[in-house]
Amino acid sequence: MIEITHQPLNPEEITDRVRRDANGAVVTFLGTTRDFSEGKRVIHLEYEAYEDMAYKKLEEIRQELRVEFGVEDVAIAHRIGPVDIGHISLVVAVASPHRKEAFLACHEAVNRLKQIVPIWKKEVFEGGAHWVACEDHEFAARESGLQPADG
Amino acid sequence: MIEITHQPLNPEEITDRVRRDANGAVVTFLGTTRDFSEGKRVIHLEYEAYEDMAYKKLEEIRQELRVEFGVEDVAIAHRIGPVDIGHISLVVAVASPHRKEAFLACHEAVNRLKQIVPIWKKEVFEGGAHWVACEDHEFAARESGLQPADG
Amino acid sequence: MQLSVRFFALYRERAGCGLASVEVSDGATVADLVGAVRQRFPRLAPPEVQIVVAVNQEYAEPDTVLREGDEICLIPPVSGG
Amino acid sequence: MQLSVRFFALYRERAGCGLASVEVSDGATVADLVGAVRQRFPRLAPPEVQIVVAVNQEYAEPDTVLREGDEICLIPPVSGG
């Protein structure tokens, strides 16, 4: 099960989708929005996705986990739109007969998601905002006298 | 929070105990009872604990995770007594600001629990039963003509 | 030919729109398209920053040749999770 | 001296009880105690299998010296999780 949604995520429901009597291990990752980022207090977060491609890339990750770790039961859900501090933006649940594969596959799923899935996070601070991981752009833009379009 | 209980475990409640606004990553492990063990259908499971020492050893693991991975927020709950197939016997939840520490610490907690915490699992099959990990004892006992006390 | 180009996140804000129609010559590559987009939206990214492009929902190399009707999207550094 | 010894899981079933009082000489070690327990409960474990002992809720070495009132428990291979 792969889902990109504006609704709050329900980790228990998502985890239940991968549980089966043959699986002795279930590993669930929750990505939650932090109150501080690089020393600055975040007051609000916003996620944006290129949805069709994001679904495709998440499905690709699920296939890779199947091949590399032999795990059949994987659920990934990402929330988009505004997400309050302390709330859940990502749930990845992996179940397998034994624990090692479940841990490795779940960790790897999150790593790959953060590398290739077209979803973006904007952190809003007091008096400013930035798109995470776009520091080079921001820095380069400041250096070259350009201002971000959003001020 | 460390707990050994005869009651069914509630993973969501246990996970919520480690969530804080400073933590961006929460990893939860569920150990669930499998329907097959080494090719034999399990019809029933039973856990037994040396409770006082088990609490002490679980607390020791929590301290080790703090020192080795810097994780402050760890919850471990183990169910004992009879546990039906597909139900949860163990919940380990670890939260930390970043994901790597949460994944490694949670995995390591489960590994250590299975090595040093005095809790035992008995699998009941059709026509037999055995205490898991006591195969050496059983094998040696059969070889020397001894029978397990429980038949 | 006219190509529709989508922008998300930082690029959407910098471009001031989520979708633009860009004119390139037939047989143009991804690199050619990026050049045309940069000319039209100079604030998008400074010259030294490479812009990643997805064609038909797959990451594309600069020498990928584009065709009319391709779904083209400029992808700023991702940060989901 | 008389020592109280606790059994769990496989050992509890093999001993047929969860608690036994075992007589050892003063200054006896864990190894001495295990010898006395094996004599009293020969079905507990075959001779070639080492029996792990916890004293006062901590794993103990065979040469650990025991004292009256120690909390002693025989620990079969653990399998929680």
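What you see is a predicted model; the values in this text were computed from it and never measured.
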Heavy-atom distance under 4.5 Å to chain D: side chain of [X], backbone, both or neither?
{"X": "B:Ile116", "result": "both"}
{"X": "B:Gln115", "result": "backbone"}
{"X": "B:Lys114", "result": "both"}
{"X": "B:Ala54", "result": "neither"}
{"X": "B:Tyr50", "result": "both"}
{"X": "B:Val117", "result": "backbone"}

* Look at the side chain of B:Glu48 and the backbone N and O of D:Ala9, then say whether any donor-acceptor pair between them is shorter than 3.5 Å. => yes
* Got a donor-acceptor contact below 3.5 angstrom from the D:Arg6 side chain to the D:Glu71 backbone? -> no
* To do: Mind telling me whether B:Trp120 and D:Phe8 have parallel, tilted or perpendicular rings, with 30° and 60° as the class edges?
  => parallel
* Asked: Is the distance between the ring centroids of B:His130 and B:Phe125 under 6.0 Å?
  -> yes
* Structure fact -> Correct closest heavy-atom pair for B:Arg79 and B:His6 would be NE-O, 3.6 Å
